[in-house]
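We're numbering straight along the sequence, starting at 1.
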Amino acid sequence: MARIAGVNIPTQKRVPIALTYIHGIGAKFARDICDKVGIPPERRVNELTDAEVLQIRETIDRDFLVEGDLRRDTAMNIKRLMDLGCYRGLRHRRGLPVHGQRTHTNARTRKGPAKAIAGKKK
């Protein structure tokens with residue numbers, strides 16, 4: 001089992017698909033990494049040599065922000081918005097949708113389960 005960026009990537013899958021298991025690497029970046037290292041996209045992870053795995057690991061470390069660093073960076077950006085007190089920061093602080101979605105009926109994922117209001121029946 002290959003371990004890249006602190007993640008055990010699945011061995012039976014093709015390399016571009018397996019690389020998407022790393023937080024911060026999607027399908028496009030996975031294809032770009034394969035192109036840089038020179039690995040054909042049809043290869044499976046269990047067919048890779050140790051040198052190729054090392055090349056992939058070095059490419060990701062050099063060129064991409066992944067896993068813990070990316071999560072920390074995202075959390076710091078959200079914290080900065082909340083400290084500024086801007087509209088987006090207030091929405092994060094209150095646990096409401098940030099990007100202008102309607103909240104009168106929907107947004108149950110952000111707001112949590114509906115709370116009953118006393119005296120609402122007719």
*Asks:* Measuring only between side-chain heavy atoms, which start at C-beta, is L19 closer than 4.5 Å to I60?
*Replies:* yes

*Asks:* How long is the gap from CD1 on I33 to OG1 on T59, to the nearest 0.5 Å?
*Replies:* 7.0 Å

*Asks:* Quick one: closest heavy-atom pair of I9 and A18, and the distance?
*Replies:* CG2-O, 3.6 Å

*Asks:* Indicate yes or no: at least one non-hydrogen side-chain atom of P41 is less than 4.5 angstrom from one of C34.
*Replies:* no

*Asks:* Using a strict threshold of under 4.0 Å (side-chain N to carboxylate O), is an ion pair present between E67 and R71?
*Replies:* yes

*Asks:* Mark yes or no for whether R44, through its side chain, and Q12, through its backbone, hold a donor-acceptor pair below 3.5 Å.
*Replies:*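 Yes, R44 side chain to Q12 backbone: donor-acceptor pair under 3.5 Å.
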
*Asks:* Can you give me every donor-acceptor pair (side chain of residues 82-97, partner residue at least two apart or in another chain, under 3.5 Å) with its distance?
*Replies:*
residue, atom, partner, partner atom, Å
D83, OD2, K79, NZ, 3.1
R91, NE, P97, O, 3.1
R93, NH2, M82, O, 2.4

*Asks:* Can you name the residues that form a side chain to side chain donor-acceptor pair (under 3.5 Å) with R43, not counting sequence neighbours?
*Replies:*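 For R43, the residues satisfying side chain to side chain donor-acceptor pair (under 3.5 Å) (neighbours in sequence not counted) are E52.
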
*Asks:* Kindly compute the distance separating CD1 (I39) from CG (L48), expressed to the nearest 0.5 Å.
*Replies:*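 So the gap between those two atoms works out to 5.0 Å.
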
*Asks:* If you take all heavy atoms of V66 and A5, which pair is closest and at what distance?
*Replies:* CG2-CB, 4.0 Å

*Asks:* Would you say R57's side chain and R3's backbone share a donor-acceptor pair under 3.5 angstrom?
*Replies:* yes

*Asks:* May I ask you to check whether over 12 heavy atoms, not counting those of N77, lie within 6.0 Å of atom CG?
*Replies:*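 Correct, the count exceeds 12.
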
*Asks:* Donor-acceptor pair, distance only, cut-off 3.5 Å: does the side chain of Q101 make one with the backbone of H99?
*Replies:* yes

*Asks:* Examine I17 and V15 and state if one hydrophobic cluster contains both, with Ile, Leu, Val, Met, Phe, Trp and Tyr joined whenever side-chain heavy atoms are less than 4.5 Å apart.
*Replies:* no

*Asks:* Could you state the interatomic distance from CD1 (I25) to CG (D63), rounded to the nearest 0.5 Å?
*Replies:*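 The CD1 atom of I25 sits 10.0 Å away from the CG atom of D63.
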
*Asks:* In the single-linkage hydrophobic clustering (I, L, V, M, F, W, Y; side-chain heavy atoms under 4.5 Å), do I4 and Y21 co-cluster?
*Replies:*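 Per the 4.5 Å side-chain linkage, I4 and Y21 are not co-clustered.
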
*Asks:* Just by modelled atom types, is the I56 backbone N or O under 3.5 Å from a matching donor or acceptor in the K36 side chain?
*Replies:*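 Checking the backbone N and O of I56 against the side chain of K36, no donor-acceptor pair under 3.5 Å is found.
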
*Asks:* Considering only residues two or more places apart or on different chains, which pairs with a residue in residues 27-48 satisfy ring pair (Phe, Tyr, Trp, His ring centres under 6.0 Å)?
*Replies:* F29-F64

*Asks:* Are any of the side-chain heavy atoms of P10 and K13 separated by less than 4.5 Å?
*Replies:* yes

*Asks:* The test is salt bridge (charged side-chain N to carboxylate O under 4.0 Å, His left out); show your working for K28 and D32 and say whether it passes.
*Replies:* CA-CA 6 Å; K28 182 194 180 306; D32 291 348; 2.8 Å; yes

*Asks:* Search all heavy atoms of T20 against all heavy atoms of A30 and return the closest pair with its distance.
*Replies:* CG2-CB, 4.2 Å

*Asks:* Got a second to check how far L65's CG is from H23's NE2, nearest 0.5 Å?
*Replies:*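 If we round to the nearest 0.5 Å, L65:CG and H23:NE2 are 9.0 Å apart.
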
